Amino acid sequence: MAAPEPNDATPFLPERSSLKALREASAGCRGCHLWRHATQTVFGEGRKSSRLMFVGEQPGDREDRMGKPFVGPASRELDRGLEAAGIARADAYLTNVVKHFKFEERGRRRIHQTPKRFEIDACTPWLEEELKVVKPEALVLLGATAAKALLGSSLRVTQHRGELLDSDLAPIVTATVHPSSILRQPDEASRITEREAFAEDMRVVAQALAAV
Ligand code: SF4
């Protein structure tokens with residue numbers, strides 16, 4: 001019988017915590033079962049000196065194929081929000097709570113599946129290392145999975161989006177919806193409304209950063 005999955009990325013962390021060492025080590029992570037069907041690990045991207053860190057849920061189909069975070073359709077919505085708030089994407093570090101794409105196959109399509117708590121827990125050591133290395137001044141959690149993973153399961157993103165939250169994770173911590181939720185709106189009018197709400201949340205971050 002095959003050995004059970006370890007369900008913890010810790011044994012795969014490198015001795016030296018630099019972004020380069022972490023990225024290289026994460027490529028070989030077998031800390032949970034999610035590596036088995038995904039194409040590759042999708043580690044965070046951005047400079048160590050980034051003042052701002054965005055954390056999403058997990059890579060999507062495009063990210064999985066390209067090995068880069070936030071390159072799929074939702075990333076265009078993220079970019080719009082950043083642009084509206086005057087934030088340069090190049091100044092931000094972008095990552096996800098879970099580093100492998102979790103999906104189910106329906107015909108030729110790979111449909112996103114929300115990671116379960118044990119998968120999030122297994123992968124969190126990578127994110128903790130990214131936080132330690134980058135030490136962002138502002139941390140923005142995109143969507144319920146990221147917010148609950150880092151701030152506790154009682155946090156309701158829809159109730160607290162755009163608020164500056166009390167946390168030891170960074171001087172400025174806030175949560176908002178994942179930009180993919182804009183794409184899931186049923187019509188163009190709701191997409192426009194959601195886009196503006198997301199841009200407003202980004203403006204809160206930009207203003208808080210400007211005041212530091
Ligand atoms: S999802 Fe995270 S813990 Fe699981 S194998 Fe991938 S990198 Fe490792």
Side-chain angles (χ1 to χ4, degrees), residues 1-48 50 53-75 78 92-106 109-136 139-153 155 157 169-170 175 178-181:
M1 208 169 91
E5 301 284 352
N7 210 45
D8 180 10
T10 308
F12 300 91
L13 297 179
E15 279 179 22
R16 232 181 103 251
S17 275
S18 69
L19 288 179
K20 184 171 179 284
L22 286 164
R23 181 176 295 106
E24 285 172 4
S26 74
C29 184
R30 303 290 181 259
C32 77
H33 69 114
L34 290 179
W35 68 273
R36 291 185 180 280
H37 302 290
T39 307
Q40 57 194 314
T41 306
V42 181
F43 199 70
E45 201 168 78
R47 290 195 292 264
K48 179 177 182 283
S50 303
M53 182 187 279
F54 287 95
V55 181
E57 182 192 85
Q58 62 161 349
D61 182 76
R62 179 95 52 91
E63 285 89 358
D64 170 76
R65 294 180 200 282
M66 293 180 69
K68 292 164 87 68
F70 292 94
V71 290
S75 78
L78 175 64
Y93 185 89
L94 300 163
T95 192
N96 287 298
V97 174
V98 170
K99 311 293 196 231
H100 275 106
F101 179 35
K102 183 180 180 186
F103 60 93
E104 66 172 338
E105 283 177 305
R106 284 193 211 146
R109 294 182 64 206
R110 303 192 302 169
I111 309 295
H112 159 276
Q113 278 194 312
T114 304
K116 294 201 182 324
R117 185 75 228 186
F118 76 93
E119 294 154 343
I120 293 167
D121 288 346
C123 208
T124 302
W126 294 114
L127 180 57
E128 288 171 346
E129 292 301 307
E130 288 173 296
L131 279 164
K132 272 190 224 160
V133 174
V134 178
K135 298 187 200 70
L139 176 67
V140 183
L141 306 171
L142 299 171
T145 299
K148 286 173 191 279
L150 288 175
L151 298 176
S153 57
L155 188 99
V157 169
L169 293 167
H178 194 282
S180 60
S181 67

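Only a predicted model underlies this, so the values are computations on that prediction, with no experimental measurement involved. Just follow the structure's listing: the first ligand is 1, and inside any ligand the first atom is 1.
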### Query
Backbone, side chain, both or neither: what part of F12 comes under 4.0 angstrom of ligand 1, heavy atoms only?
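Within the 4.0 Å criterion, F12 makes no contact with ligand 1.
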### Query
Got L141 and V97 here, is their nearest side-chain heavy-atom distance under 4.5 Å?
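No, every pair of side-chain atoms sits at 4.5 Å or beyond.
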### Query
Do L127 and V55 come close enough that some side-chain heavy atom pair is under 4.5 Å?
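When only atoms from C-beta onward are counted, V55 and L127 do touch, with a gap below 4.5 Å.
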### Query
Honestly, is R110 close enough over F103, meaning NZ or CZ under 6.0 Å from the six-membered ring centre and within 45° of the axis?
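Yes, R110 sits over the ring of F103.
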What protein heavy atom sits nearest [atom], and how far off is it?
| atom | result |
| --- | --- |
| atom 6 (Fe) of ligand 1 | H100 ND1, 2.1 Å |
| atom 8 (Fe) of ligand 1 | C29 SG, 2.3 Å |
| atom 4 (Fe) of ligand 1 | C32 SG, 2.3 Å |

### Query
For ligand 1, which atoms, with element, lie under 4.0 Å from some heavy atom of K99?
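Here the atoms of ligand 1 in question are 7 (S).
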### Message
Under 4.0 Å from a heavy atom of A122: which atoms of ligand 1 are those, numbered in the order shown and with their elements?
### Response
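Near A122, meaning under 4.0 Å from one of its heavy atoms, ligand 1 has 3 (S).
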### Message
Distance check below 2.8 Å: does C123 bring an N, O or S atom to atom 2 (Fe) of ligand 1?
### Response
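Checking atom 2 (Fe) of ligand 1 against C123, an N, O or S atom does fall under 2.8 Å.
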#### Entry: Salt bridge flag under 4.0 Å for residues K20 and E24
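Counted as a salt bridge, because a side-chain N and a carboxylate O are separated by less than 4.0 Å.
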#### Entry: Identified salt bridge (Lys or Arg N to Asp or Glu O under 4.0 Å) partner of K99 from the options E63, E130, E129
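Looking at E63, E130, E129, the match for K99 under the salt bridge (Lys or Arg N to Asp or Glu O under 4.0 Å) is E130.
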### Task
Just say parallel, tilted or perpendicular for the rings of F43 and W126, cut-offs at 30° and 60°.
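F43 vs W126 ring planes: perpendicular.
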